[in-house]
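Please read the structure below before turning to the comments.
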Amino acid sequence: MITICWWLPFWVSGQLLPGFEKYASFNEQQMVLEGAPANTRVLINAPLDGFGKRDQVLLIFYALPNGNTLEQTFGKTPKEGDDWHFNIQHIGAQTRFLRGVVAQKTIVVAYLETTCKSWPLWKKNNPDYLKDTKKIVDEVTDVFSAWNPQVVLNGHSGGGRFIFSYLEAVEVIPDNVKRIAFLDSDYGYEDSIHGPQLTDWLKAGKDRFLTVLAYNDSVVEYNGKPLVSPTGGTWYRSRMMKKYLARSFQFREEGNDSLLWYRSPGNKIEFILKTNPEGKIFHTVQVERNGFIHSILSGTKHEQKGYSYFGERAYENYISESIALPIRQLNIPLRKTDAEPGAVFMKRIENLSLEEREEEIYKALAGGNLPGFLRRTVSLKANFADAAGVVHKIEYQVMPDYLAVGSDDDYCRIPMNPRTAQRLATLFGASLITSKISDDIYEKAEIKLAPFPYKPVGNANETVQKFVEHNSQIEKQMCEAGGTRGQLVAGIKKDVILSGRMAQQPDKVVIYGWHQPDGKPIQPVYSGHVYWYVDYSHGIRLINNQVLLDGKPALLSDILQDPVLFKVFSNEDSPMPQPVYLSSKKE
């Protein structure tokens with residue numbers, strides 16, 4: 001999914017974590033991960049403060065209910081015409097309330113969405129759901145590994161399926177999981193599978209908490225039919241879970257208006273079951289009425305202080321006026337500890353055939369063997385007009401340099417043919433750039449280096465030795481210019497670009513750029529080389545395929561095909577019918 005471990009040999013306080021972007025209000029920062037595992041989206045919301053060396057992170061995984069998006073679950077002040085889902089959970093606002101109460105911990109929330117908007121359906125359609133569920137939890141947890149995060153598994157409605165899938169994947173619940181909360185979401189509970197797990201986990205430490213919220217859905221009818229089956233609702237499943245846990249834990253029962261409270265000694269376990277004599281639907285109301293707040297504070301000294309479960313919203317002052325998510329992160333695998341250094345890799349491939357060399361380049365980069373500084377994309381903003389002359393506000397993210405193999409300390413920029421580059425771009429959720437983007441990058445680059453061409457001598461410029469030599473020259477120029485890794489650099493390579501010519505000349509590579517100090521490119525748009533031709537001057541600069549168009553997420557590949565919008569990112573006179581390099585004419 002993500003590779004952020006390289007960020008964290010240092011401690012951060014009061015500033016952005018690498019890869020995060022500042023949220024418009026409430027002193028927060030956010031990151032979006034998408035597509036790894038397939039058909040998933042993750043929003044990580046964190047405060048700007050609280051990442052010092054001695055701070056403790058409380059990482060809450062909140063699995064979304066059926067039918068809701070990240071934006072809707074986060075919540076905002078409703079405006080005329082807004083979808084009603086924006087005003088039914090307000091997990092963003094409830095989190096801010098919690099941050100004001102639990103001051104000794106840094107609360108981070110990872111919102112988990114599946115693109116089919118149903119974790120039960122995602123499970124049904126995904127044979128690897130156990131492995132993928134664990135992967136999400138493990139890799140997001142790794143982002144904050146420097147702070148030894150305490151984990152909370154939480155979810156509403158169908159989000160409970162995510163929690164149970166994780167429990168089934170791990171078999172023994174890890175020690176770092178300190179709290180599990182089902183917000184009317186334990187439909188999938190089974191005594192034989194989950195009962196022993198929860199019992200063993202709760203017995204393993206005094207710092208384990210279980211919270212279950214449910215209402216009597218067994219008496220609800222919708223369109224004249226029962227809402228749930230006799231054994232399928234959360235009323236039945238919650239009582240079933242409580243009965244199983246009662247074998248090992250004593251419960252005391254209390255009544256509070258329409259709520260039945262069942263607590264174990266020390267309030268480590270709480271079941272709150274709402275009676276429902278009128279047969280109403282309280283499914284989401286349980287969350288809206290401070291349910292998320294209570295799911296985190298139950299059993300602590302803060303329980304029912306400053307708020308009341310199923311009472312009036314305690315978080316009204318924390319609701320955002322709007323919600324805007326940043327561009328998603330690229331899906332670049334983690335670099336393995338035993339991955340080849342750049343020099344070793346380049347030596348190994350120097351005598352391979354072109355076909356063999358390309359495959360080794362793909363395998364290395366697809367496996368994550370690229371330096372950490374390339375993962376830290378640079379955000380660029382611009383005002384570009386479409387084909388109708390309408391100016392749009394654009395934000396896009398590019399790699400600061402050209403694709404390279406190796407580590408931060410030993411790497412080499414690696415030319416490759418466009419089909420290999422396209423395979424990698426697709427894998428990472430990225431795209432190649434256009435000539436217009438190439439010009440914009442040069443204009444905004446922090447480090448502009450003069451091109452360093454070699455005279456052609458036979459086919460020497462096409463060899464790996466020349467790739468290495470040119471890389472050393474660029475490093476020398478970078479050092480002389482006072483540049484550092486991760487700064488946006490330009491002027492060092494020709495770009496392999498996207499162009500309408502790709503559809504007309506499918507067996508060719510299109511190149512452009514290598515800007516000179518006056519800003520003029522040495523290489524105009526050119527498609528005379530066969531696709532497999534590669535020399536030292538070619539470079540692959542990737543752009544995140546997701547961009548912001550007037551503040552809204554869009555795909556660069558879609559924009560380039562649009563009959564009007566294509567001009568925003570293209571200098572050409574018509575849309576691109578094929579904004580990717582195909583591996584064969586038949587694709």
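Residue indices begin at 1 and follow the sequence shown. Values below: all heavy atoms of this structure, side chains included; hydrogens, waters and symmetry mates excluded.
Taking a 6.0 Å sphere around CG of N256, one finds it holds more than 12 heavy atoms contributed by other residues, nucleotides or ligands. In Q250, the CD atom is not crowded: 12 or fewer heavy atoms of neighbouring residues, nucleotides or ligands sit closer than 6.0 Å. Within a 6.0 Å radius of CD in Q104, other residues, nucleotides and ligands contribute more than 12 heavy atoms. Residue-environment remark: CD (E221) exceeds the threshold of 12 foreign heavy atoms within 6.0 Å.
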What pairs of donor and acceptor atoms, side-chain ones from residues 551-558 against any protein atom, are under 3.5 angstrom apart with sequence neighbours left out?
residue : atom : partner : partner atom : Å
S557    : OG   : N545    : ND2          : 3.2

Taking only distance into account, with no hydrogens and no angle test, what donor-acceptor pairs under 3.5 Å do side-chain atoms of residues 204-211 form with protein atoms, sequence neighbours excluded?
residue : atom : partner : partner atom : Å
D207    : OD2  : K178    : NZ           : 2.9
R208    : NH1  : W201    : O            : 3.2
T211    : OG1  : S298    : OG           : 2.5

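Between H194 and Y189, the ring-plane angle classifies as tilted under the 30° and 60° cut-offs. Taking the six-membered ring where tryptophan is involved, the planes of W119 and W122 are perpendicular, since the angle between them exceeds 60° and thus also 30°. Using bins of under 30°, 30° to 60° and over 60° for the plane-to-plane angle, the ring pair W261/H294 lands in the perpendicular bin.
Considering all non-hydrogen atoms of both residues, P149 and T141 come closest at CG-CG2, 3.7 Å.
Under a 3.5 Å cut-off, the side chain of N544 and the backbone N or O of A430 do not form any donor-acceptor pair. Judged purely by atom type and a 3.5 angstrom limit, T77 uses its side chain to pair as donor or acceptor with the backbone of S320. A distance-only check finds no donor-acceptor pair linking the side chain of N68 to the backbone of T73 [under 3.5 Å].
Side-chain contact between N154 and L183 is present, with at least one heavy-atom pair separated by less than 4.5 Å. Here the side chains of I323 and Y23 are in contact, with some heavy-atom distance below 4.5 Å. E71 is listed as a side-chain neighbour of F86, based on a closest heavy-atom distance under 4.5 Å. Annotation: side chain of P120 is not in contact with side chain of Y187 (no heavy-atom distance under 4.5 Å).
Between the side chains of Q89 and Y62, a donor-acceptor pair is found at a separation under 3.5 Å. A donor atom on one side chain and an acceptor atom on the other are not found under 3.5 Å apart for H85 and T69. Judged by distance alone, the side chains of S238 and D186 do bring a donor and an acceptor atom under 3.5 Å apart. For the residue pair D55 and T106, no side-chain donor N or O sits within less than 3.5 Å of a side-chain acceptor on the partner.
Scored by the ring pair (Phe, Tyr, Trp, His ring centres under 6.0 Å) test, Y129 finds no partners at all (sequence neighbours excluded). Listed by chain and residue number, D82 satisfy the salt bridge (Lys or Arg N to Asp or Glu O under 4.0 Å) test with K76 (two or more places apart in sequence, or in another chain). For the ring pair (Phe, Tyr, Trp, His ring centres under 6.0 Å) test, no residue two or more places apart in sequence or in another chain qualifies with F61. With sequence neighbours left out, the ring pair (Phe, Tyr, Trp, His ring centres under 6.0 Å) criterion links F251 to F271. Residues satisfying the side-chain contact (heavy atoms from CB on, under 4.5 Å) test with T300, not counting sequence neighbours, are R179, L297, H302. Residues satisfying the side-chain contact (heavy atoms from CB on, under 4.5 Å) test with S379, not counting sequence neighbours, are E21, E395, Q397. With sequence neighbours excluded, the residues forming a ring pair (Phe, Tyr, Trp, His ring centres under 6.0 Å) with F310 are F282, listed by chain and number.
The distance between the ring centers of F164 and F182 falls below 6.0 angstrom.
Taking NZ of K134 as the start and CG of D128 as the end, the distance is 14.0 Å to the nearest 0.5 Å. The CZ atom of F97 sits 7.5 Å away from atom OH of Y307, with the distance rounded to the nearest 0.5 Å. If you take NZ on K243 and CG on L245, they are separated by 13.0 Å, rounding to the nearest 0.5 Å. Separating the CG atom in L273 from the CG atom in L260 is a distance of 6.0 Å, to the nearest 0.5 Å. How far CD1 of I269 is from OH of Y262: 14.5 Å, rounded to the nearest 0.5 Å. Expressed to the nearest 0.5 Å, how far OG1 of T115 lies from CG of L121 amounts to 9.5 Å.
The list of salt bridge (charged side-chain N to carboxylate O under 4.0 Å, His left out) pairs with a residue in residues 100-123, not counting sequence neighbours, reads R41-E113. Within the structure, the salt bridge (charged side-chain N to carboxylate O under 4.0 Å, His left out) test picks out the following pairs touching residues 283-311 (sequence neighbours left out): R263-E303, E288-R313. Screening residues 144-171 for salt bridge (charged side-chain N to carboxylate O under 4.0 Å, His left out), with sequence neighbours left out, gives R161-E168.
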Exercise. Could you walk me through whether Q94 and Y318 pass the side chain to side chain contact (heavy atoms under 4.5 Å, CB included) check?
Worked result: CA-CA 7 Å; Q94 294 196 55; Y318 297 101; over 6 Å; no
For this session: Take N276 and D217 through the test side chain to side chain contact (heavy atoms under 4.5 Å, CB included) and record every step on the way to the result.
Result: CA-CA 8 Å; N276 189 18; D217 51 5; over 6 Å; no
